[in-house]
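Please read the structure below before turning to the comments.
Whatever order the structure lists them in is the order used to number ligands and atoms, beginning at 1.
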Amino acid sequence: MWTFLGRGSWPTGLRGEGVGFCPVHQLEISDLITVVDPHSGHRLPVRRAEVIQQLRESGDERAARIVAELPTDRDGVLDPHAVDRLLISVHTELQRLSEELRIGERLVHLLGPLFTAIRETTGQPGPYRLVDVGCGLGYLVRRLATTKALGTDVELVGVDLDAALVGEADRLARAEGLSCRFVRGNAFDLPEAATVYVSTGVLHHFRGPALAEFFQAQAASPAHAFCHFDIAATRLAPIGAWIFHRARMRNPLGRHDGVVSARRAHSDETLLRAAAVPGIRALLYEPRGAANPFCTTLRPIIGVRPRLEAPFRQALGRDAHRMVGPEHLAGSIR
Ligand SMILES: C[S@@+](CC[C@H](N)C(=O)[O-])C[C@H]1O[C@@H](n2cnc3c(N)ncnc32)[C@H](O)[C@@H]1O
């Protein structure tokens with residue numbers, strides 16, 4: 001749903017680039033109503049009329065009407081507190097979707113064997129560090145902390161550019177006394193290296209060259225692996241997203257952006273091609289054709305250091321056959 005503001009060696013393709021690549025009706029409102037300075041991390045004022053104009057120019061009158069309802073000050077600048085409250089409420093609804101789609105369990109199904117392979121291969125005692133890029137309200141990290149599913153030698157860190165979301169994630173974790181932490185900022189500017197990067201619902205925001213840059217930067221870091229879940233680009237995805245968001249989300253902005261996200265989802269081919277960067281073995285779990293399109297809503301693109309692939313497959317057991325590399329997809333990928 002949001003804009004990516006990278007810094008340093010990280011993808012800079014962010015706001016302008018992402019939006020520039022989007023055809024008609026592919027602008028997410030939440031990308032437009034929060035803007036953060038990529039260097040200072042400070043929130044920038046957003047003029048409602050400009051957002052409305054941008055949405056109208058893209059032909060999305062419905063989105064323009066949703067934004068027209070948002071409160072502004074006397075100069076027409078969107079009220080940042082109202083925007084924060086709105087986005088927290090939309091993300092709370094998103095958390096419910098993640099629960100229903102069992103994203104936490106599905107992540108653990110892969111990350112458990114992945115950390116087993118890392119422990120075996122590196123021979124290092126830990127601690128290891130999992131970083132959730134664009135953690136939003138931190139559902140995934142909080143769930144991992146509650147269940148301790150990855151073991152006590154894995155430190156759990158959620159990072160998001162959005163101060164309000166990170167603040168709420170932190171508040172919720174403290175209320176439950178969870179052993180995890182949340183940081184506001186660019187996930188790739190952390191002082192400590194991640195062992196594994198993960199994310200949910202983030203990849204489709206990276207458009208054009210920014211997608212490959214996202215993976216290249218992880219390959220250039222000391223991380224051993226990444227596992228990024230995003231909407232599977234099936235023909236059913238946009239209608240499925242419409243039905244699901246209609247049934248499960250109350251907020252018009254959440255409903256709107258949920259459907260646009262599905263339209264912007266990257267194909268299996270695009271993800272495998274972009275993630276196949278030097279130093280990384282790209283693997284797609286449950287590619288199109290190998291999975292039931294009625295059930296596969298989000299599926300991950302995984303990247304591992306090449307020496308990890310065999311132990312990872314072994315730890316995954318029978319399910320390893322659900323995971324394919326670029327060479328397995330029909331002709332188009334090299
Ligand atoms: C659609 S939200 C997903 C939130 C959460 N993962 C979920 O599933 O509910 C995408 C989030 O990614 C954050 N984000 C984008 N690029 C980031 C980066 N480089 N570092 C940290 N957060 C980032 C945005 O601020 C936004 O909150």
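Sorted by first and then second residue, the salt bridge (charged side-chain N to carboxylate O under 4.0 Å, His left out) pairs involving residues 68-81 (not counting sequence neighbours) form an empty list.
Remark: aromatic rings of Y128 and H224 are distant, center separation not under 6.0 Å.
Remark: distances from the non-hydrogen atoms of C135 to ligand 1 include one below 4.0 Å. For S261, the heavy-atom gap to ligand 1 stays at 4.0 angstrom or more.
In terms of polar-atom proximity, defined here as any N/O pair under 3.5 Å, V202 makes no such contact with ligand 1. Not one N or O of F188 is nearer than 3.5 Å to an N or O of ligand 1, by distance alone. Considering backbone and side-chain atoms together, D132 places no N or O closer than 3.5 Å to any N or O of ligand 1. Ligand 1 has a nitrogen or oxygen under 3.5 angstrom from a nitrogen or oxygen of G134. Looking at ligand 1, you won't find any N or O of H91 less than 3.5 Å from one of its N or O atoms. Between H205 and ligand 1, no pair of N/O atoms sits closer than 3.5 Å.
Of the candidates R322, R299, M323, L284 forms a side-chain contact (heavy atoms from CB on, under 4.5 Å) with just one, namely R299.
At a heavy-atom cutoff of 4.0 Å, ligand 1 is contacted by no atom of L137, backbone or side chain.
Take E120 and apply the side-chain contact (heavy atoms from CB on, under 4.5 Å) test, not counting sequence neighbours, and it matches T116, P311.
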